[in-house]
Number of protein chains: 2
Amino acid sequence: MTATSPAEGHRYRIGDLCKEFDVTPRTVRYYESCGILRPERRGQARIFNEGDRVRLRLALRGRRLGFSLGEVREMLDLYDQEGGEVAQLERTLAYGRQKIAELEERRREAEEALKELETWQHLLTRRLQEARGTKAGDERAKGDGKHGRA
Amino acid sequence: MTATSPAEGHRYRIGDLCKEFDVTPRTVRYYESCGILRPERRGQARIFNEGDRVRLRLALRGRRLGFSLGEVREMLDLYDQEGGEVAQLERTLAYGRQKIAELEERRREAEEALKELETWQHLLTRRLQEARGTKAGDERAKGDGKHGRA
DNA sequence: TATGACGTTTACGTAAGCGTCAATCGTTGC
DNA sequence: GCAACGATTGACGCTTACGTAAACGTCATA
């Protein structure tokens, strides 16, 4: 889909993508060298299309989730599987199921870590209030006033 | 809590932790050098306690979620903030809130990636069935039978 | 025309996170 | 007493994911 739509809309220069996603040109070029982005060329200059933009967004998300650029590339390539042999489709599907399982694991781990950090935060908040109470009006008078509660 | 409980229960050698979490001794020692683990010593040998075990589990989870060992260490150190100055407690709380926000972002991103991969998988599954249909009874006869339809 | 702003290639540098030796030490079972 | 096994300390190596510097092209604007 992303790579085969006829007459894609916008074109982007490298600087456009860099500003939008807050990355350096080096990163974009490196992602191209990994096969994650496949810009056309006008002379030497890279011309990115909407598909590249989507892939960059997905790639950065994948990185934040702890996947390597190699894995990111494999996952992105899933979208480009246009038919082909049944055996190949089945292998692709199996790989996809594996990655889905890994993503579910990530989500679970994020939730667990979140719970623990929140529990800790409540404890620390209580300790903070005790500390303020101990030090009496001193801290409350100058430090507080606009913090409300959170 | 984890580091200050009096009379901790079990003690672990490095090999015990390695087997339980499927990591190499190198990793465990490296984590110690980062300040993530703080085993006692009996002579040269490292003796890990329950707290170390918990910290290792949390550290590995953090790594899978895309955090650096430095960040992991800072997060783990949150648990060791035993009282102290109000200003310090407030800084710690602020850092905790930031990390909580980052974790929520990770969870959100994991969910989005999950949705997209699942959507893709359904499409590919349909294409696979079409491909099987095209090849007629050949593939269905030997490959199918328990897949029902989905 | 020249002066930025933006882009390019080439290539070496670097930080993180371990892997992989080699040499050595300490306990444990026989 | 001694071999085997697990652990330890260096120390160097490696991969990933870029950073960074040099030297140069291109295009619009002043």
Side-chain angles (χ1 to χ4, degrees), chain A residues 10-49 52-53 55-77 99 102 106 109 113, chain B residues 10-49 52-53 55-77 99 102 106 109 113:
Chain A
H10 290 65
R11 267 73 218 291
Y12 305 88
R13 285 173 307 171
I14 197 169
D16 301 331
L17 295 183
C18 290
K19 278 179 195 161
E20 179 173 359
F21 296 104
D22 192 32
V23 294
T24 68
R26 181 70 178 90
T27 299
V28 172
R29 293 188 195 110
Y30 185 67
Y31 283 18
E32 179 189 6
S33 79
C34 294
I36 287 174
L37 304 176
R38 290 102 173 238
E40 308 163 30
R41 294 300 181 119
R42 192 170 54 192
Q44 275 192 320
R46 292 166 175 83
I47 305 295
F48 300 90
N49 60 26
D52 290 311
R53 193 169 150 275
R55 292 167 75 91
L56 178 54
R57 196 165 48 74
L58 295 177
L60 293 173
R61 175 198 288 166
R63 285 286 300 141
R64 279 191 297 268
L65 287 172
F67 292 97
S68 75
L69 288 182
E71 291 175 298
V72 164
R73 192 218 145 125
E74 287 179 321
M75 288 193 268
L76 289 178
D77 285 350
K99 287 300 162 181
E102 285 183 38
R106 293 288 189 290
E109 290 182 324
Chain B
H10 291 64
R11 267 74 217 293
Y12 305 88
R13 286 173 305 173
I14 196 169
D16 302 331
L17 295 183
C18 290
K19 277 177 196 163
E20 179 172 0
F21 296 105
D22 192 34
V23 295
T24 68
R26 181 71 179 90
T27 298
V28 173
R29 294 189 193 109
Y30 184 69
Y31 283 19
E32 179 189 7
S33 78
C34 293
I36 287 174
L37 304 176
R38 290 102 173 236
E40 308 163 29
R41 293 299 180 119
R42 192 169 54 191
Q44 277 190 319
R46 292 168 175 82
I47 305 294
F48 301 90
N49 59 26
D52 289 311
R53 194 169 148 277
R55 292 167 75 91
L56 178 54
R57 197 167 47 74
L58 295 177
L60 292 173
R61 175 198 288 167
R63 286 284 302 141
R64 279 191 296 269
L65 286 172
F67 292 97
S68 75
L69 288 181
E71 290 175 299
V72 164
R73 191 218 146 127
E74 287 180 322
M75 288 193 267
L76 288 177
D77 285 349
K99 287 299 163 184
E102 285 183 38
R106 293 289 189 289
E109 290 183 325

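Below, read A as the first sequence line, B as the second, and so on, with proteins coming before strands; counting in each chain starts at 1.
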J.: For A:E109, give me all partners under side-chain hydrogen bond (donor to acceptor under 3.5 Å, both in side chains), at least two apart in sequence or on another chain.
T.: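 B:R64.
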J.: Whole-Å distance between C:dG26 C1' and B:I47 CD1?
T.: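 Going from CD1 in B:I47 over to C1' in C:dG26 covers 12 Å.
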J.: Using the salt bridge (charged side-chain N to carboxylate O under 4.0 Å, His left out) rule, pick out the option among B:R55, B:R38, B:R41, B:R26 that qualifies with B:E32.
T.: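 With B:E32 as partner, salt bridge (charged side-chain N to carboxylate O under 4.0 Å, His left out) holds for just one option, B:R41.
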J.: Would you say C:dG19 has OP1 or OP2 under 4.0 Å from some side-chain N or O of B:T27?
T.: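 True: B:T27 side-chain N/O within range (under 4.0 Å) of C:dG19 OP1/OP2.
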J.: Which heavy atom of A:P39 sits nearest to which heavy atom of A:D52, and what is that distance?
T.: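 Where A:P39 meets A:D52 most closely, the heavy atoms are CA-OD2, 3.8 Å.
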J.: Sequence neighbours excluded, which residues qualify as salt bridge (charged side-chain N to carboxylate O under 4.0 Å, His left out) partners of A:E102?
T.: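 If we apply the salt bridge (charged side-chain N to carboxylate O under 4.0 Å, His left out) test to A:E102, skipping adjacent residues, the hits are A:K99.
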J.: Taking atom P of D:dG19 as reference, at what distance in whole Å does atom CG of A:D22 sit?
T.: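 To the nearest whole Å, that distance equals 11 Å.
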J.: Round to a whole Å and report the spacing from CZ of B:R13 to P of C:dC25.
T.: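 Answer to the nearest Å: 21 Å.
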J.: Can you check the B:K19 NZ to D:dC5 C1' distance for me, whole Å?
T.: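 To the nearest whole Å, that distance equals 11 Å.
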J.: Expressed in angstrom and rounded to an integer, what is the separation of B:F48 atom CZ from D:dA7 atom C1'?
T.: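 It works out to 11 Å between those atoms.
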J.: Using every non-hydrogen atom in the two residues, find where B:A59 and B:I36 come nearest and quote the distance to one decimal.
T.: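 For B:A59 and B:I36, the tightest heavy-atom pair comes out as CB-CG2, 3.9 Å.
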J.: Go through residues 63-76 of chain A and report each residue with a non-hydrogen atom lying under 4.0 Å from DNA chain D, sorted by number.
T.: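 Going residue by residue through residues 63-76 of chain A, the ones with a heavy atom under 4.0 Å of DNA chain D turn out to be A:R63, A:S68, A:L69.
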J.: I'd like to check the salt bridge (charged side-chain N to carboxylate O under 4.0 Å, His left out) partners of B:R73; sequence neighbours left out, ordered by chain and number.
T.: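 Result, salt bridge (charged side-chain N to carboxylate O under 4.0 Å, His left out) vs B:R73: B:D77.
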J.: Tell me, do A:L69 and A:Y30 make a side-chain contact under 4.5 Å, heavy atoms counted?
T.: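 Touching, per the 4.5 Å side-chain cut-off.
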J.: Quick test: give all pairs of protein nitrogen or oxygen and nucleotides 9-12 of chain D nitrogen or oxygen below 3.5 Å, distance rounded to 0.1 Å.
T.:
residue: D:dT9; atom: OP1; partner: B:R41; partner atom: NH1; Å: 2.9
residue: D:dT9; atom: OP1; partner: B:R41; partner atom: NH2; Å: 3.3
residue: D:dT9; atom: OP2; partner: B:R46; partner atom: NH1; Å: 2.8
residue: D:dT9; atom: OP2; partner: B:R46; partner atom: NH2; Å: 2.6

J.: B:Y30 OH to D:dC14 C1': how many Å, rounded?
T.: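 Going from OH in B:Y30 over to C1' in D:dC14 covers 14 Å.
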J.: Grab the CD1-C1' distance between A:I14 and D:dT26 for me, whole Å please.
T.: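 Roughly 15 Å, once rounded to whole Å.
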J.: Any cation-pi pair here, B:R106 with B:F67, using under 6.0 Å and within 45°?
T.: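 Yes, B:R106 and B:F67 form such a contact.
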J.: Do you know which two heavy atoms are closest between A:I14 and A:F48, and how far apart they sit?
T.: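 The answer is CA-CE1, 3.8 Å.
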J.: Taking only side-chain nitrogens and oxygens of A:Y31, does any of them come within less than 4.0 Å of OP1 or OP2 of D:dC18?
T.: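 So the side chain of A:Y31 is within the cut-off, an N or O lying under 4.0 Å from OP1 or OP2 of D:dC18.
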J.: Please determine if A:E20 and A:R57 form a salt bridge, counting it only when a charged side-chain N lies under 4.0 Å from a carboxylate O.
T.: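 Looking at A:E20 and A:R57, the cut-off is not met.
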J.: Run the salt-bridge test on B:E40 and B:R11 with the 4.0 Å N-O cut-off and return the result as yes or no.
T.: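 Here B:E40 pairs with B:R11 in a salt bridge, since their nearest N and O are under 4.0 Å apart.
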J.: Enter the inter-axis angle for the ends of the helix from C:dT1-D:dA30 to C:dC30-D:dG1 (five pairs per end, rounded to 10°).
T.: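 End-to-end axis angle for the helix from C:dT1-D:dA30 to C:dC30-D:dG1: 10°, rounded to 10°.
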